[in-house]
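For reference, the structure discussed in these notes is given below.
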Amino acid sequence: MTQTDSSRPPLSPTVWLVRNAASGSNDDASVAEVEAALVQAGFPVGRTLRFPDEEAPTPAVLDAGQVDLLIVFGGDGTTHSVVAAAGGWSGPVLVLPGGTMNMLPKRLHGDVPATEIVARLAAGSLETVRPTVISSRHGVGLTGVLAGPGTVWNEVREAMRAVNIVEFVNTTAQAISWSANGPKVVCAEADCGREEGYSAITVTPGDDGLEANGYYAESLADYAGQGIALLNRDFRDGPHDSLGIHREIRLVCPDGEPMGLLIDGEPFDGAAEEAFYLATCEVDLVTTRNAS
């Protein structure tokens, strides 16, 4: 991560909060707890934006509102959209865990609740960083990329989120079949895993580069087990190969088919070949790791 100068908003800062009620830990009660903690810390929320019904604010909108601190309380997909929209803004963005996996908040603050993160803000100035991210033709990935037929499990996750039992059963059966029979993805770099490819390859940004892992399965039972891991987006639970750490990486579908592609948990239209590069976030993100 690139460390930036610590800064403290004015005594009466203008704070905007972006929330997504569809995210995993983002009901009205949890938002109220966060807002109360922000008041206690000296950062009362002046305006709440309900994403995606309301658009994520751009630098022009934030500057026009004279915003001193932008807070996003949602899942990885919501955070992706908000930070992407704010790209180039000069102010700080506080990312709070309001989803299922909360991968970026864990990186910035550790695995702690949103209210504890907010409580740390009162202890001193805001420390910010510009962490490494993934750059591609689709934009920036803050937490990671998943490529391959295993991305079909995203549809299962959405059916679960919508509490649609019939759709959940149907998509689960389809996901198991597609994971087994869909076009595999290979890492095109030298000495980068199995020649026959993988059901899913993950690419995750870190301080040293892009860490790649290939996920496979040898039986329907393995596919079902791996699917649960993919559904929970805890990829470490699935059987996998380490594919190394890279400054840039190319993923290819040897069959020439468009690959399934998720960036920060959100679907994108993948091509038969996709390239990903190590980059630096274009927004100052508040970190409280040193305040813990």
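These values consider heavy atoms only, across backbone and side chains, with no hydrogens, waters or symmetry-generated copies.
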Checklist entry - Going through the distances and angles, do R137 and D269 end up as a salt bridge (Lys or Arg N to Asp or Glu O under 4.0 Å)? => result CA-CA 11 Å; R137 69 184 183 91; D269 293 327; over 6 Å; no
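Checked by atom type and distance alone, the side chain of H80 pairs as donor or acceptor with a backbone atom of V140 at under 3.5 Å. Side-chain atoms of D76 come within 3.5 Å of backbone N or O of M103 as a donor-acceptor pair. T58 places no side-chain N or O within donor-acceptor distance of the main-chain N or O of A85, the cut-off being under 3.5 Å. Remark: the backbone N or O of T143 is paired with a side-chain donor or acceptor of D264 at under 3.5 angstrom. Between the side chain of D68 and the backbone N or O of T14 there is at least one donor-acceptor pair closer than 3.5 Å. In this structure, the side chain of D63 does not engage the main chain of A60 through any donor-acceptor pair within 3.5 Å. Side-chain atoms of R289 come within 3.5 Å of backbone N or O of K106 as a donor-acceptor pair.
Between L70 and V82 the shortest side-chain heavy-atom distance falls below 4.5 Å. No side-chain heavy atom of Q40 sits under 4.5 Å from any side-chain heavy atom of L121. The shortest side-chain heavy-atom distance between H246 and C192 falls under the 4.5 Å cut-off. Between R130 and D284, the closest side-chain pair of non-hydrogen atoms falls below 4.5 Å. Two residues are said to be in side-chain contact when any heavy atoms from C-beta on lie closer than 4.5 Å; C187 and L243 meet this criterion. Side-chain contact check for V133 versus V83: every heavy-atom pair is 4.5 Å or farther apart. Between L261 and H138 there is a side-chain heavy-atom pair separated by less than 4.5 Å. Side-chain contact between F43 and L94 is absent, with no heavy-atom pair separated by less than 4.5 Å.
Across all non-hydrogen atoms, the minimal contact from V286 to P92 is CG2-CB, 3.9 Å. Closest non-hydrogen pair, W16 versus G65, comes out as CZ2-CA, 4.1 Å. Considering every non-hydrogen atom in both G87 and P59, the closest pair reads O-CG, 3.4 Å. E116 and V112 make their closest contact through OE2-CG1, 3.6 Å (heavy atoms, listed as atom of the first residue, atom of the second, distance). Between A114 and F73 the shortest heavy-atom distance is CB-CE1, 4.0 Å. The two residues R107 and L142 have their closest heavy-atom pair at NH1-O, 4.1 Å.
Counting non-hydrogen atoms of neighbouring residues, nucleotides and ligands closer than 6.0 angstrom, the CD atom of E54 exceeds 12 such neighbours. Annotation for E196: atom CD counts as buried by contact number, over 12 foreign heavy atoms lying within 6.0 Å. Shown here is D208, whose CG atom has no more than 12 heavy atoms of other residues, nucleotides or ligands within 6.0 Å.
Considering OH of Y215 and OG of S199, their distance stands at 12.5 Å, rounded to 0.5 Å. In this structure, CD1 on I249 lies 11.5 Å from CG on L278, to the nearest 0.5 angstrom. Annotation: the span from E211 atom CD to S242 atom OG amounts to 6.0 Å, rounded to 0.5 Å. To the nearest 0.5 Å, atoms CD1 (I201) and CG (L251) are separated by 5.0 Å. Note: H109 NE2 to I117 CD1 = 4.5 Å, rounded to the nearest 0.5 Å. To the nearest 0.5 Å, atoms OG (S135) and CD (E248) are separated by 10.5 Å.
At a threshold of 4.5 Å between side-chain heavy atoms, the hydrophobic network of Ile, Leu, Val, Met, Phe, Trp and Tyr places V186 and F276 in two separate groups. In the hydrophobic clustering of ILVMFWY residues, with side-chain heavy atoms under 4.5 Å counting as a link, M259 and V252 come out apart.
Using cut-offs of 30° and 60° for the angle between ring planes, the Y216 and Y198 rings count as tilted.
Screening T287, N290, T288 for a side chain to side chain donor-acceptor pair (under 3.5 Å) involving R120 leaves a single residue, T288. Between P205 and the options T280, L210, V145, a side-chain contact (heavy atoms from CB on, under 4.5 Å) holds for only L210.
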